[in-house]
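Order of the sequence lines fixes the chain letters, A, B, ..., with proteins taken first and strands second; residue numbering starts at 1 for each chain.
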Amino acid sequence: TVTYNSLVSGLAKAGQMKAACELFDEMEEQGYCPDIYTYNSLFIGFGRTGQLDGLYQFFDKMKQENITPDIVTYNSIISAFEKAGQWKEACELFDQLELAGCFPDVFTFNTLIHGLSKGGQVEQACRIFKSMPLKGCAPDVVTYNSLINGLGKTGKFRRACRLFREMKEKSLAPDVFTYSTMIAVLGKKGEVGKALQLMEEMRIGGCNPNLVTYNILLSVLCKSGKLQTAMEQFRDMSSKGLSPDVVSYNCLLHGFGQAGLTGEALMLFDSMKQSGCIPNVVTYNSLIAGLVREKTPKSARRRVLVVKQVNLPFADDTCDSLAKSYVEFDQVEKACQLMEEMMHSGCAPDVISYNSLISLLCKQGKLEKTFEYLAQMKQRGCCPNVVTYNSIFSRLPKALLVENVYQLLESMKEDGCTPD
RNA sequence: ACAUUUUUAUCAUCUCCUG
């Protein structure tokens with residue numbers, strides 16, 4: 001039974017619910033009795049894949065077999081609700097726990113607090129947090145981490161910082177999650193210097209930043225336009241044996257794009273691929289968004305200056321050769337090229353990819369291409385939305401718009417799209 | 001004795017509006 005349980009758990013965690021259920025059947029056929037562990041494993045799997053119906057089905061089966069759900073069962077179900085965005089149902093179950101003869105443990109609270117935060121109910125999460133001691137349950141690091149994150153995401157920075165202080169006062173040692181979250185919080189608050197300080201503080205505390213920590217930091221630095229510092233950290237992480245992943249590159253690419261350095265972004269993109277890092281939709285979308293943003297290409301000299309300052313990994317060439325590589329490129333052409341590359345590399349463009357591209361096309365008055373891509377996105381099962389049409393209406397030069405307004409409104413109707 | 005189940009952090013977000 002334990003062997004089967006391990007296997008079922010493995011499959012469930014990997015989201016292979018079909019295989020997990022088959023194994024469950026096989027188990028019964030072989031005369032083994034699925035126990036609470038088996039069921040709980042299935043519940044977590046159904047929760048992760050959002051298959052609440054499967055979950056209900058096995059929950060009933062479990063009761064028929066006279067197996068009493070335990071706290072782990074309920075925690076898994078609460079987590080499943082939470083992942084499906086059903087925080088109300090999660091709360092209801094939580095309220096009924098004691099009636100079922102089960103007492104919430106720290107996992108229950110943590111799951112609930114996390115779920116409420118994600119569901120935009122931070123205040124409710126705070127109330128639950130405050131009720132913990134009354135229920136004889138002491139908050140742990142995870143509790144604090146979840147709530148700090150929830151508060152930070154909704155801009156309640158002071159309270160997030162206060163909790164960070166509070167946990168230290170309680171001598172609950174902050175972990176990598178805590179520090180990473182706090183770096184994000186400080187960054188969002190605009191206190192980039194403090195975020196960098198925290199990197200030091202955590203090292204001193206014997207907690208080493210990991211890949212996610214660095215990625216958060218890169219994101220923070222890029223969003224505040226500190227590209228040079230971002231590149232420093234980028235190199236620093238490599239020297240510490242952490243190889244940058246897609247997210248790391250995506251942060252930088254976005255940063256360059258937003259700073260109007262699309263040429264540089266494209267070069268970094270090349271070096272990303274050379275280093276064996278596989279681009280994803282976000283990568284392409286960021287690049288395209290950068291191309292849309294770019295207004296007037298900066299002069300070659302100016303660009304060289306910026307690049308030297310930022311010290312790109314590939315910038316060891318002479319200024320001259322750098323300047324040469326900045327021959328003007330056509331944004332539209334480049335963006336379309338990226339779309340092609342994207343599809344050929346097995347990465348399906350999404351609504352956002354198309355919307356960005358269309359926005360660029362409209363801005364430049366490329367009517368034909370706009371319609372071409374509008375048709376293509378429909379063909380590929382990517383339904384245009386309000387944003388698609390809004391960007392057409394607002395960015396297409398008026399003269400062109402007037403000629404095509406009926407066709408566009410018609411197309412909009414087809415797509416089940418209502419003007420807002 | 002050990003072993004199987006539950007919770008936390010990172011990327012683009014695209015148009016318009018507001019800031």
Quiz item: Using a cut-off of 4.0 Å on non-hydrogen atoms, how would the nucleic acid contact of N385(A) be classed: base, sugar-phosphate, or nothing?
Solution: nothing
Quiz item: With a 4.0 Å cut-off on heavy atoms, is S286(A) in touch with a base, just the backbone sugar-phosphate, or nothing at all?
Solution: sugar-phosphate
Side-chain N,O ([X]) to OP1/OP2 ([N]) below 4.0 Å:
X: R293(A); N: U15(B); answer: no
X: H114(A); N: A9(B); answer: yes
X: K188(A); N: A9(B); answer: no

Should the pair [X]-[Y] be classified as a salt bridge under the 4.0 Å nitrogen-to-oxygen rule?
X: E372(A); Y: K366(A); value: no
X: K168(A); Y: E201(A); value: yes
X: E123(A); Y: K156(A); value: yes

Nucleotide nearest [X] (side chain, heavy atoms from C-beta), chosen from [options]:
X: S359(A); options: U15(B), C11(B), A12(B); value: U15(B)
X: N390(A); options: U15(B), A9(B), C11(B); value: U15(B)
X: N250(A); options: U7(B), U15(B), C11(B); value: C11(B)
X: S356(A); options: U10(B), C14(B), A12(B); value: C14(B)
X: K223(A); options: C14(B), U15(B), C11(B); value: C11(B)
X: I44(A); options: U6(B), U15(B), U8(B); value: U6(B)

Quiz item: Is there a side-chain contact between I67(A) and Y39(A), using heavy atoms and a 4.5 Å cut-off?
Solution: yes
Collect all protein-nucleotide pairs involving nucleotides 1-4 of chain B in which both atoms are nitrogen or oxygen and the distance is under 3.5 Å.
{"unit_1": "U4(B)", "atom_1": "O2", "unit_2": "N5(A)", "atom_2": "ND2", "d": "3.0"}
{"unit_1": "U4(B)", "atom_1": "O4", "unit_2": "Y37(A)", "atom_2": "OH", "d": "2.6"}

What is the distance, to the nearest angstrom, from the [atom1] atom on [X] to the [atom2] atom on [N]?
X: K118(A); N: U7(B); atom1: NZ; atom2: P; value: 13 Å
X: I113(A); N: U6(B); atom1: CD1; atom2: P; value: 19 Å
X: K153(A); N: A9(B); atom1: NZ; atom2: C1'; value: 7 Å
X: D70(A); N: U7(B); atom1: CG; atom2: P; value: 14 Å

Quiz item: Can you name the residues that form a ring-ring contact (aromatic ring centres under 6.0 Å, His included) with Y389(A), not counting sequence neighbours?
Solution: none
Please output the side-chain donor-acceptor pairs of residues 84-103 of chain A that fall under 3.5 Å, not counting sequence neighbours, one pair per line with the distance.
{"unit_1": "E98(A)", "atom_1": "OE2", "unit_2": "K135(A)", "atom_2": "NZ", "d": "3.2"}

I'd like a table of atom pairs between the protein and nucleotides 17-19 of chain B - only N or O on both sides, under 3.5 Å - with the distance next to each one.
none

Quiz item: Quick one: does N210(A) reach the base of A9(B) with a side-chain donor-acceptor pair under 3.5 Å?
Solution: yes
Quiz item: Do F58(A) and F46(A) have ring centroids that are under 6.0 Å from one another?
Solution: yes
Practice problem: Answer with yes or no after comparing the ring centroid distance for F129(A) and F109(A) against a 6.0 Å cut-off, counting only values under it. | Solution: no
Quiz item: Under a 4.0 Å heavy-atom cut-off, which of residues 272-283 of chain A touch RNA chain B?
Solution: V282(A)
Self-check item: RNA chain B contacts made by residues 97-112 of chain A, counting heavy atoms under 4.0 Å
Solution: F107(A), N110(A), T111(A)
